[in-house]
Amino acid sequence: MGSLKTEEDLKVSNEAILYVNGVRRLLSDGLAHFTLLEYLRDIGLTGTKLGCGEGGCGACTVMVSQYDRILKKCSHYAINACLAPLYSVEGMHVITVEGLGSCKRGLHPVQESLARAHGSQCGFCTPGFVMSMYALLRSSQTPPSEEQIEECLAGNLCRCTGYRPIFDAFRVFAKTSNDLYTGVSSLSLEEGKSVCPSTGKPCSCNLSNTNDKCVGGDNGYEPTSYNEIDGTKYTERELIFPPELLLRTPTSLNLTGFGGLMWYRPLTLQHVLDLKAKYTDAKLLVGNTEVGIEMRLKRMPYRVLISVMHVPELNVLGAKDDGLEIGAAVRLSDLMNFFKKVVTERAAHETLSCKAFIEQLKWFAGTQIRNAASVGGNICTASPISDLNPLWMAARAKFRIIDAKGNIRTVLAENFFLPGYRKVNLASGEILLSVFLPWNRTFEFVKEFKQSHRRDDDIAIVNAGIRVHLQEHSENCVVADASIFYGGVAPYSLAATKTKEFLIGKNWNQDLLQNALKVLQKDILLKEDAPGGMVEFRKSLTLSFFFKFFLWVSHQMDSVKESIPSSHLSAVHSVHRPPVTGSQDYEIRKRGTSVGSPEVHLSARLQVTGEAEYADDTPMPPNGLHAALVLSKKPHARIIKIDDSEAISSPGFVSLFLAKDVPSDNKIGPVVADEDLFAVDYVTCVGQVIGVVVADTHENAKIAARKVIVEYEELPAILSIRDAINARSFHPNTEKCLSKGDVDHCFQSGQCDRIIEGEVQMGGQEHFYLEPHSTLIWTVDGGNEVHMISSSQAPQKHQKYVSHVLGLPMSKVVCKTKRIGGGFGGKETRSAFIAAAASVPSYLLNRPVKITLDRDVDMMITGQRHSFLGKYKVGFTNEGRVLALDLEIYNNAGNSLDLSLAILERAMFHSDNVYEIPNMRVMGRACFTNFPSHTAFRGFGGPQGLLIAENWIQRIAVELKMSPEKIREINFQGEGSILHYGQIVQYSTLAPLWNELKLSCDFAKARKEVDEFNSHNRWRKRGIAMIPNKFGISFTTKLMNQAGALVQVYTDGTVLVTHGGVEMGQGLHTKVAQIAASAFHIPLSSVFISDTSTDKVPNASPTAASASSDMYGAAVLDACEQIMERMEPIASKHNFNSFAELVGACYAERIDLSAHGFYITPDIGFDWTIGKGKPFRYFTYGAAFAEVEIDTLTGDFHTRVANIFLDLGYSLNPAIDVGQIEGAFIQGLGWVALEELKWGDEAHKWIPSGCLYTCGPGAYKIPSVNDVPFKFNVSLLKGHPNVKAIHSSKAVGEPPFFLASAVLFAIKDAIIAARSEMGHNEWFPLDSPATPERIRMACLDELLSSFVNSDFHPKLSV
């Protein structure tokens, strides 16, 4: 290796270069603290987004190209720019979304395909998806398979689309398909239909009316198939690897960063060892996927970072006679590819360990993380939930360790991890050199196991590596050796030593299994208060994994195989996930030039190129400051003292502002002013804003804010709905009641054959919009006016809050919103206090201030969907007809009222779902708790009320031994039904919807097939369910049902529309533009929608309640009709060749070509004093069928089929509406089955009191690509126009959300089948979300019965 006395002996450079999109950039010293993402955004490449900052969402995905001097070739791979240190990509070529294509110079095929297939809604995640797909294509020698495409997207999250259109867009690049960029196979088209060139969807628009053909885009490019991607048309656009980087000799780097941070990049092993000897606390890194998280989220103060990515000795990867040698710096994606290659070259029995690693790596994080993370980094981090370490240990791997003198020692993997948290057998100055993985012997079996909240890109709850070596003695198989290692059950990867000792020497048979499970149960012990909770579930998984392993091994041993019942093999058969397929069935009814046409989202092309601008993309003015909030760390306390002495001396600090500095009123609130902008005297939740710090950079502002020390006197806290009920802790004036008939008399009269009582509880849900809250605010005319650009669903609320706290008239405060990267209700009111907080320093200092929340802060302080508790009493007949319902509903409102009362009211309105209940009483209360104020979320309380109803419906079915679908049908409301709040049902389409859904899924056949499957499979069960719903459309507060719009016609015949609604991905601007285009009989391309601004349209209601298309579309139509009416006298006198000619003539006649349109929703109103009225203009009806398959041993599940039918009248844009339905359904699936909020409460004592544990994508799991139903079908009901809304359409945003509960009830149906195997046929509760923990613990079986009772109930934050 040679010796190295000083760093100067090597060629060390502090000049770093980088190519970005083909442009050479010199990286100055002093930037070691920068991530690649920060750098890219600082140089104006804002297409790469900051979504989470921890590599969990993929919004920051870029492609990195580097030249491998050994293999003499370039490699291209996707990484998370938010984790990659800037200097780690030195000497490489980084390609961002801006490097692919643009609207001006033309789109890249990947971008074009995604735009045309409706794969971009809010657009914030879109550049990340584009780059993941692009990197896959650039790195593939041949077109990738559909499976590879889905796999490459596993590290990217989308909250809007439901993923299906993204699959469709990218499927064209797969080797199984060479269709046009339409995402639709010609084989899937119905007879008589063609692919619409505008939308890429099957349609018959060119058949029904030759004058109404869909018009293609105006880009001048023909659709291009995969085999043309390297053709002459696109060669000039593909960025080549820069020749300079091919010729450049790599140098070691010695650079610095903020706060004395040192960055080294050695090129030899000896240099690494010398640096490690000099800096014993230095952190070695390759991808920074763990160190980056530690430094950013855990605030570990590492001062020396050594990048070992380019050290040849650490990148060894080779096969030897006795096994594999794997360098410590080898990236996990390279390891996975190497294993795949080895498996094809060696005897099958030798590579069982390799196969186990391949399977485990598939579920290890996302592609971007695997492309960056290294083998050694994962090992030496010694995470107690590492997916790979238990496997290294089980597979008899050996770790080679080297010290500064070059001495190498070898340690068995099982001896490397020491008892204690993240402790390893490495002395000071030692590093991990390589890993040796031996080949497997004959009859040596190695298997991996993992269970997490979500399959894709998730940390394990429990994982395992298990190995057994069997030897044949006469007719028996005897255990010669064994290894059993678990992660997630101790502070380190734990060996089941006693179980191993028990196994050795025993015959491999059923007796061994039963006895080994007993030993194992005592071998792996978890304390009741173990960190991470879920103690019983984790215990069960240790047993389930060994049980599965036994069956898996036995199935491969002929001498044991026959003793295993065939129905038990379902425990070892993994589910094959086919590529997602789906159908979108709708009719196109065009009205005018554009309405009814499935047009692509107007911003889609800007979004796929990264050119679409969001609030945080707005460039900072030269004298701008960044703001960070000072937040409470206690759920309820008195503030004793605020000490800012450390903050004042913090680098870049400018000032701290507290309640005393607020120019006017510190009290705020959307309905009731019960919140403090900055806390005064008391704090009532963790995350309450105490003050705001401004500094020269975002990072400096955060550092200074953390240095503000607050002393507290802690007070008792209320941390659940039950706590609030017991303490009578309710928000004032929130007790509500609705009633119909005489409930008490019905219960007492004997009319009811049966009466049941029960409770339903459900957790909350985080919005997880991909774009965090962001506002840029500045003063005009020396503070006489204030302007801001905000990510908000309600710019008027920002205007109102800021004017209120500053003491300015609203006429001097302007809020603009171009678009937002998702909102879902979370940016309706809870964004306003953030803007107000930033307005104080901006106004007082007379300087621009930008505030953008980090993901963890955003999740911690801005509130979520309300958790609910429902207490019901239901009376019904033996035939299943419901006669009476008495219901109490409580929601967890948090520490201020916000919109919780309106949310509670909507839950009460929807608590009948679609069922006729002659006698009904609903009481509701909003609970005051010491959590951040919970707020609006898609459905606005409706889904919670509906879910309570469906729970007691399902319970009635169990009591009567009837199918839930039958109970539902018996109790359907009909035309003319009078609801419990006095509204009469009109134009109900429930019956045709339900019948069409039943026909489409052939329910009777599906039921028979599921029962058949369940009878043959003991450990996997399937379930089905059909769920209907009706959703009321209108704001339930009457005054909010008004809308304004400004329409301006220019002399070239183009139209500018400004309205009060916000574009947040739902296609509102597109639909409004279509309405304007049809009103003027002009092409859609002639209409432009300007940003939403409070100085254009005043007093606008929030973009919420699904009502925006109805209201703003009608307001725009009103304005258009006013202008058309003025133009009519001119138009009637002449035949004009074009609209532009007509406009010119009108202008010459001095006709006003601008109009303000206005709309109020008619015929609505509700009087709470009598509890009667008509709160809704109409109802949107829907129904869904779902089929699921669960693993009863682990709680894992797949949605096999989802069929959705929705009545949307005559859709304004069926393609956008289908996208809304799919997105809502997948978001709803997250609510009912995946997404669990965990708070520091009685149920989770291991979490600090009042704190949110699940405050980032690492712990909080929204659905990913792997959670999409295998078959995902959406149909719009045909032939039912809605007479009560514009162009006979219906609202779509919220109604489909609840239909995902079909998945929840299908899961419950599958659990019922599992429980019946043990003779348990009684009703049982299944809380929402039905996570793997809840599914597994409800599936009673022999493994569970030894340590939990049949009524065991996993804990839930409610």
Side-chain angles (χ1 to χ4, degrees), residues 585-589 591 595-596 740 906 909-917 939 942 945-946 949 968-969 971-999 1027-1036 1038 1041 1071 1075 1105-1111 1113-1114 1117 1159-1166 1172-1184 1204-1214 1217 1220-1221 1274-1299:
D585 181 25
Y586 52 77
E587 62 180 345
I588 295 173
R589 287 186 176 259
R591 281 83 85 205
V595 168
K740 166 189 172 184
R906 187 172 275 269
F909 286 137
H910 285 73
S911 56
D912 61 342
N913 195 1
V914 294
Y915 307 117
E916 186 73 64
I917 308 169
L946 293 164
R968 292 182 177 109
E969 290 172 0
N971 291 286
F972 276 169
Q973 294 162 352
E975 193 71 10
S977 288
I978 300 173
L979 304 178
H980 58 290
Y981 44 89
Q983 183 158 349
I984 299 171
V985 172
Q986 293 178 299
Y987 307 107
S988 170
T989 53
L990 175 61
L993 262 176
W994 185 259
N995 292 334
E996 287 205 28
L997 174 64
K998 218 170 180 181
L999 199 63
I1027 298 288
N1029 88 323
K1030 76 174 192 299
F1031 195 88
I1033 305 300
S1034 287
F1035 287 98
T1036 52
K1038 184 176 179 179
N1041 293 282
K1071 288 182 175 180
I1075 289 166
S1106 305
S1108 298
S1109 294
D1110 287 4
M1111 297 200 320
L1117 183 59
Y1159 174 78
I1160 58 170
T1161 308
D1163 195 24
I1164 55 169
F1166 191 80
K1172 291 289 181 278
K1174 189 178 178 185
F1176 304 117
R1177 176 68 174 146
Y1178 61 87
F1179 297 101
T1180 293
Y1181 287 89
I1204 306 164
F1205 270 77
L1206 217 68
D1207 167 27
L1208 295 181
Y1210 290 166
S1211 171
L1212 296 173
N1213 182 323
D1217 285 348
Q1220 284 292 287
I1221 293 166
V1274 176
S1275 302
L1276 304 187
L1277 188 66
K1278 299 180 177 74
H1280 289 269
N1282 176 29
V1283 299
K1284 295 194 172 190
I1286 186 166
H1287 290 306
S1288 305
S1289 65
K1290 276 192 174 185
V1292 66
E1294 294 168 300
F1297 177 90
F1298 178 70
L1299 295 178

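Every value quoted in this text rests on a predicted model; they were computed, and no experiment measured them.
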Measure from the side-chain N and O atoms of [X] to the backbone N and O of [Y], and report whether any donor-acceptor pair falls under 3.5 Å.
{"X": "K740", "Y": "I978", "result": "yes"}
{"X": "Q986", "Y": "E975", "result": "no"}
{"X": "S1034", "Y": "R1177", "result": "yes"}
{"X": "E996", "Y": "L1277", "result": "no"}
{"X": "N913", "Y": "P1028", "result": "yes"}

Say you draw a straight line from [atom1] of [X] to [atom2] of [Y]; how long is it, rounded to the nearest 0.5 Å?
{"X": "H980", "Y": "K1172", "atom1": "NE2", "atom2": "NZ", "result": "8.5 Å"}
{"X": "L993", "Y": "N1029", "atom1": "CG", "atom2": "CG", "result": "9.5 Å"}
{"X": "I1075", "Y": "S1289", "atom1": "CD1", "atom2": "OG", "result": "7.0 Å"}
{"X": "N1282", "Y": "K1290", "atom1": "CG", "atom2": "NZ", "result": "5.0 Å"}
{"X": "Y915", "Y": "E969", "atom1": "OH", "atom2": "CD", "result": "9.5 Å"}

Decide yes or no for [X] and [Y]: does some side-chain heavy atom of the first lie under 4.5 Å from some side-chain heavy atom of the second?
{"X": "Q983", "Y": "F909", "value": "no"}
{"X": "T1180", "Y": "V1292", "value": "no"}
{"X": "R968", "Y": "I1027", "value": "yes"}
{"X": "N1041", "Y": "I1160", "value": "no"}
{"X": "F972", "Y": "S988", "value": "no"}
{"X": "H1280", "Y": "P992", "value": "yes"}
{"X": "P1295", "Y": "I1033", "value": "yes"}
{"X": "K998", "Y": "F1205", "value": "no"}

Return the minimal non-hydrogen interatomic distance between [X] and [Y], and the atom names on each side.
{"X": "E1294", "Y": "S1106", "value": "OE1-OG, 2.7 Å"}
{"X": "Y586", "Y": "P1214", "value": "CD1-CB, 3.5 Å"}
{"X": "P1296", "Y": "L1206", "value": "CG-CD2, 3.8 Å"}
{"X": "T1036", "Y": "P1175", "value": "CG2-CB, 4.5 Å"}
{"X": "S1211", "Y": "D1217", "value": "OG-OD2, 2.5 Å"}
{"X": "R906", "Y": "G939", "value": "CD-O, 3.4 Å"}

Evaluate the side chain to side chain contact (heavy atoms under 4.5 Å, CB included) criterion for residues L1208 and I1221: first the C-alpha distance (whole Å), next the side-chain angles of each, then the deciding distance (0.1 Å), finally the verdict.
CA-CA 11 Å; L1208 295 181; I1221 293 166; 4.0 Å; yes
For K1038, look at atom NZ and say whether over 12 heavy atoms of other residues, nucleotides or ligands are found less than 6.0 Å away.
no
I would like to know whether L1212 and R591 meet side chain to side chain contact (heavy atoms under 4.5 Å, CB included); could you show each step before the answer?
CA-CA 9 Å; L1212 296 173; R591 281 83 85 205; 4.3 Å; yes
Given K1030, which partner from the list L979, L946, D1207 fulfils the side-chain contact (heavy atoms from CB on, under 4.5 Å) test?
L979
Between E587 and L1276, does a side chain to side chain contact (heavy atoms under 4.5 Å, CB included) hold up when you go through it step by step?
CA-CA 8 Å; E587 62 180 345; L1276 304 187; over 6 Å; no
Is any NZ, NE, NH1 or NH2 atom of the basic residue among K1284 and D1110 found under 4.0 Å from an Asp or Glu carboxylate oxygen of the other?
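No.
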Checking ring-ring contact (aromatic ring centres under 6.0 Å, His included) between H910 and each of F1179, F1176, F1298, which is the one that passes?
F1176
Applying side chain to side chain contact (heavy atoms under 4.5 Å, CB included) to F1166 and Y981, what does each step give before you reach the verdict?
CA-CA 9 Å; F1166 191 80; Y981 44 89; 3.6 Å; yes
